[in-house]
Amino acid sequence: MAKFVTSGGAAEDGKKPDPTILRSKEEMRSWSRACRQDGKTVALVPTMGYLHDGHLSLVRCAATRGDKVVVSVYVNEGQFAPGEDLDVYPRDPKGDLAKLAGLCDAIFMPEALYSSDDSHQTWIEAQHLQQPLCGGSRPIFFRGVATVVAKLFNIVEPDIAVFGKKDYQQWLIVRRMVQDLDFPVEVVGMPLLREEDGLAMSSRNVRLSAEDRTGALSISRGLTKMKDAVQQGAKDAITLRQQLVDEISLSGGDVDYVEVVDARDLQTVKTIEQDVVVAVAARYGGVGGVRLIDNMEMSP
Ligand SMILES: Nc1ncnc2c1ncn2[C@@H]1O[C@H](COP(=O)(O)OP(=O)(O)OP(=O)(O)O)[C@@H](O)[C@H]1O
Ligand SMILES: CC(C)(CO)[C@@H](O)C(=O)[O-]
Ligand code: BAL
């Protein structure tokens, strides 16, 4: 079994030494267990790679919460239905390694997480939370996410796991899974980070044409207008929602959904009288184009 040196945290300049790169589940588990034996806590940041500053904000948060930070980079085929964008999902493992230098202690970059003989049969489902929003258009997305996150939790055995609230529904589902299945993991949710012009940071943004990228700014523009209106007392979710749909459609976006939902259970609300999340998914570039998601939390 491989042995790993786990002593030493951040250097004086706040940078960590070069991360250990782990390719197999066994190596990953041994590394993590060695950390724990040393009395260190382990914080995990699960990603699909092609890292941007949104991801790095999670890694920096993880470094403040755990003694040792592991970032996993794995494009999980189990959450993509046939016809979705698995084959064109952006990948840049070398660039990811460079971006993570000095920020984490280990990078888990497995070749595969499922058996090669296609025999995987066990899936985790969050019965109600997986139904609305992305559950409507990505039929196996959330069972794939919940299952791969459970696998990562079993392989890494982290004390803490950090997720972004850009994937708000995913974050709720992971929290629910941890609660329902008694995973001994603290789940932390970090705010959505945006580019300077408002576009939600996303690995998929690189696939937008210049024209579509400009059009896609309508999403954050419309969400911000809606938040301002809510702060000024607007409560009629149906009218506000329609205004946002119109703004995105006029910009060339093909709306998958725009929903005003209760922030805790994702049920659609008609009148804004509690904390809500306005969640959006829209496609730019037609069939085979880029499906973007975004959201904004709002309170009356
Ligand atoms: N703009 C962002 N702000 C904060 N967290 C983010 C942001 N984008 C992604 N994350 C978080 O990073 C983690 C890994 O996400 P992932 O690798 O799928 O990146 P992504 O940019 O969301 O990709 P895509 O948008 O193409 O699905 C998730 O917890 C996700 O919520
Ligand atoms: C959580 C996750 C790494 C599972 O594949 C993915 O859905 C993501 O990057 O948000
Ligand atoms: N961040 C979500 C990963 C996906 O779209 O499959």
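One is the number of the first residue; the rest follow in order along the sequence. Every number for a ligand or one of its atoms is a count from 1 in the order of the listing.
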- Numbering the atoms of ligand 2 from 1, which are under 4.0 Å from a heavy atom of Val148?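 Every atom of ligand 2 under 4.0 Å from some heavy atom of Val148: 4 (C), 5 (O).
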
- Query: Which of the numbered atoms in ligand 2 are below 4.0 angstrom from a heavy atom of Asn76?
  - Reply: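 Counting from 1, the qualifying ligand atoms are 5 (O).
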
- Task: With heavy atoms of Pro46 as the reference, note each atom of ligand 1 found under 4.0 Å away.
- Result: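 Answer for ligand 1: 13 (C), 14 (C).
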
- Item | Contact (N/O only, under 3.5 Å) between Tyr74 and ligand 2 |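 By distance alone, the answer is no.
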
- Query: Going by distance only, is there an N or O of Thr47 that falls short of 3.5 Å from an N or O of ligand 2?
  - Reply: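 It does not: no N or O of Thr47 is found under 3.5 Å from an N or O of ligand 2.
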
Check ligand 3 against [X] and write out every atom of the ligand that is under 4.0 Å from a heavy-atom position of the residue.
X	value
Arg204	4 (C), 5 (O), 6 (O)
Met48	3 (C), 4 (C), 6 (O)
Asp167	1 (N), 2 (C)

- Is it true that a side-chain atom of Thr147 and a backbone atom of Gly144 form a donor plus acceptor pair closer than 3.5 Å?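 Here the side-chain-to-backbone pair does not exist.
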
- Message: Looking at ligand 1, is there an atom of it that comes within less than 4.0 Å of some heavy atom belonging to His52?
- Response: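 The answer is yes, since His52 has a heavy atom less than 4.0 Å from ligand 1.
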
- Message: Contact between ligand 1 and Met190 is defined here as a heavy atom of the residue under 4.0 Å from a ligand atom; is it met?
- Response: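 Flag not set, Met190 not near ligand 1.
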
- Task: Indicate whether any N or O donor in one side chain lies under 3.5 Å from an N or O acceptor in the other, for Tyr284 and Ser251.
- Result: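 Tyr284 vs Ser251: donor-acceptor pair found between side chains.
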
- Query: Without hydrogens or angle criteria, can the side chains of Glu259 and Thr268 be said to hold a donor-acceptor pair below 3.5 Å?
  - Reply: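 Checked: Glu259/Thr268 side chains pair up, N/O donor to acceptor below 3.5 Å.
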
- Identified salt bridge (charged side-chain N to carboxylate O under 4.0 Å, His left out) counterpart of Asp294 within the set Arg194, Lys165, Lys166: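 Of all the options given, the one that passes is Arg194.
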
- Task: Report the member of Glu84, Arg138, Arg291 with the shortest heavy-atom distance to atom 5 (O) of ligand 3.
- Result: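 The option holding the nearest heavy atom is Arg138.
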
- What is the closest protein heavy atom to atom 1 (C) of ligand 2, and at what distance does it sit?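 Minimum-distance protein heavy atom for atom 1 (C) of ligand 2 reads Gln170 NE2, 3.5 Å.
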
- Message: Would you say that Lys99 contacts His52 through its side chain, given a criterion of any heavy-atom pair below 4.5 Å between the two side chains?
- Response: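 No; the side chains remain at least 4.5 Å from each other.
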
